[in-house]
Amino acid sequence: MQVLVWGIGYVGIVTAACLAQAGHHVIGIDMDSSKVEAVASGRSPFPEPGLDTLLRDTVAAGRLTACREGTALVGGADLSLVCVGTPGTQEGETYLGDLEAVAGAIGDGLRDATAFHTVVLRSTVFPGCTRQLLLPILEQRSLRRAGQDFGLAVNPEFLREGSAIEDFLSPPYVIVGAAEERSALGAEALYQGTKAALHRIGLEEAELLKMVNNAFHGLKIGFANEIGRLCEPLGLDSHAVMRLVCADTKLNLSPAYLRPGFPFGGSCLPKDLRALNFQADRLNVELPILEAILPSNACHLEGSLRRVRLLNLRSVGLLGLSFKPGTGDLRESPALEIACRLHAEGFQLRLFDPDIRWETLPQGVQDALRCRLPGIEQMLCSHIHTLVEESEALVVCQRRPEFRAVLQSLTETPRRPVLDLCE
Ligand code: NAD
């Protein structure tokens with residue numbers, strides 16, 4: 001393919017060199033003449049393992065060149081990869097001026113293009129930038145329609161400085177965000193032959209993914225450092241602890257607990273987090289990440305309540321009451337807390353949990369429940385169908401296939417509202 005790489009800074013130059021190595025014909029475009037001269041003469045403008053050799057070989061093979069202006073080249077190229085910087089202010093606002101300038105330059109080039117050209121954003125931006133900023137500039141300047149006359153896609157970059165070439169050649173995956181098929185195919189053509197899994201998602205999801213990945217990496221480092229700080233006054237080996245945290249690939253380094261949904265609860269997570277933060281405070285160790293977890297969970301519960309109120313119906317059936325399916329354990333259960341809060345606000349409640357039978361609960365538990373939620377015995381239904389019949393709205397508080405099956409089998413019209421707080 002004939003590829004234009006707009007912006008040959010860190011990401012652009014590595015991308016350009018690796019694509020040229022893969023057999024594509026690549027032209028790097030940058031207004032910084034020192035970078036253009038460096039690349040055109042086969043040298044890397046900054047240190048990066050392996051990059052000098054890669055540039056020397058691909059430039060010598062005639063598959064990589066560089067220049068300062070790209071508009072006139074658009075008509076002869078299949079694809080534009082936009083790799084300009086998106087620096088942020090201290091407050092976090094992103095400067096998008098370079099992106100706007102490049103979109104204008106590509107748009108001008110698209111006006112006279114006869115072949116289908118796909119514009120692919122590789123820079124990191126917040127969701128909405130491609131559709132709301134780049135697309136209108138490209139369409140206005142080209143007098144063409146995105147998705148019809150030219151392609152528009154997002155292809156975030158996951159390389160790390162210091163191992164950029166290795167990361168480019170063996171990425172965790174290739175992500176292509178697009179609003180329609182033709183744009184996605186245009187971007188995907190670049191990666192024919194790659195071994196990495198290719199995931200096609202929406203434009204905005206692709207934009208967000210890079211930021212979420214970076215946030216997760218920051219969270220991991222911050223978490224490990226907080227454990228390190230906690231271990232220090234205790235005289236404990238934080239590396240031994242974290243090694244074993246990582247060795248648990250069932251619950252720790254795995255997809256477990258990483259699905260957005262319901263707040264957590266139960267007899268362990270809240271209690272142990274409280275204990276950890278309490279002891280850290282005594283030791284004068286600041287753990288802002290660990291301290292933020294329970295408030296974050298409480299904030300999520302408030303959000304769940306807001307979603308129930310927004311249904312605007314006063315008779316609500318809650319499916320699932322214990323903190324986790326299959327346990328019947330009501331200790332620090334978010335579903336029970338939601339029930340208590342809704343009851344206090346005057347909602348009429350019906351409750352169902354396959355693992356809770358009022359008559360089998362110990363006397364002490366019954367007394368405590370009556371105290372927190374007066375009338376709970378009358379609210380509890382012994383069968384899910386009773387709850388469904390007696391509720392105007394259904395609110396799912398546990399992820400259970402049997403709940404889903406019953407809700408999907410509802411055939412009434414109009415269908416009563418179902419709010420799944422676990423999804
Ligand atoms: P950079 O600042 O090193 O390079 C940007 C280049 O764009 C510069 O050489 C600049 O001269 C050029 N440029 C600016 N305006 C231009 C224009 N109108 N026409 C042509 N060239 C222009 O940036 P970078 O580190 O390569 O990052 C690029 C994007 O990729 C950013 O959004 C960044 O967040 C993202 N990203 C960076 C990394 C990384 O490790 N550096 C990794 C993944 C993603």
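One-based numbering, in listed order, for ligands and for the atoms of each. When reading the values below, keep in mind they use all heavy atoms of this one structure, side chains included, and skip hydrogens, waters and symmetry mates. Here the structure is a predicted model, which means the values were calculated and not measured.
- With rounding to the nearest 0.5 Å, the separation of CG in L410 from CD in E412 is 5.0 Å.
- In this structure, R331 pairs ionically with D329, as a charged nitrogen and a carboxylate oxygen lie closer than 4.0 Å.
- Between I356 and L330, some side-chain heavy-atom pair lies under the 4.5 Å cut-off.
- Nearest protein heavy-atom contact of atom 19 (N) of ligand 1 is V102 CG2, 3.6 Å.
- For atom 28 (C) of ligand 1, the closest non-hydrogen atom of the protein is C83 O, 3.3 Å.
- Those atoms of ligand 1 that come under 4.0 Å of a heavy atom in K35, given as number and element, are 8 (C), 9 (O).
- Taking the centre and axis of the six-membered ring of F150, the NZ or CZ atom of R144 falls outside the cone set by 45° and 6.0 Å.
- Ranked by closest heavy atom to atom 32 (O) of ligand 1, the top entry among I13, T15, L99, T86 is T86.
- The pair E205-R200 fails the salt-bridge criterion, with no side-chain N (NZ, NE, NH1 or NH2) lying under 4.0 Å from an Asp/Glu carboxylate O.
- Under the 4.0 angstrom criterion for non-hydrogen atoms, K210 is in contact with ligand 1.
- For R182 and E180, the salt-bridge test fails: no basic side-chain N is under 4.0 Å from an acidic carboxylate O.
- The protein heavy-atom contact nearest to atom 42 (C) of ligand 1 is L159 O, 3.4 Å.
- Under 4.0 Å is where a charged nitrogen must lie from a carboxylate oxygen, and between R43 and E37 no such pair does.
- Protein heavy atom at the shortest distance from atom 41 (N) of ligand 1 is E161 OE2, 3.0 Å.
- When each of D353, I384, V406 is paired with R400, the side chain to side chain contact (heavy atoms under 4.5 Å, CB included) condition holds for D353 and for no other.
- A salt bridge links E332 with R274; the closest basic N to acidic carboxylate O contact falls under 4.0 Å.
- Residue, atom and distance of the protein heavy atom nearest to atom 23 (O) of ligand 1 are G85 CA, 4.0 Å.
- In this structure, atom 35 (C) of ligand 1 lies nearest to the protein heavy atom T124 OG1, 3.4 Å.
- Of the protein's heavy atoms, G9 CA, 3.2 Å lies nearest to atom 4 (O) of ligand 1.
- Which of I29, D30, V5, L121 comes nearest to atom 6 (C) of ligand 1 through a heavy atom is settled by distance: it is D30.
- Remark: minimum distance from atom 3 (O) of ligand 1 to any protein heavy atom is reached at Y10 N, 3.2 Å.
- Remark: among candidates D98, V11, D32, V14, the nearest residue to atom 15 (N) of ligand 1 is D98, based on non-hydrogen atoms.
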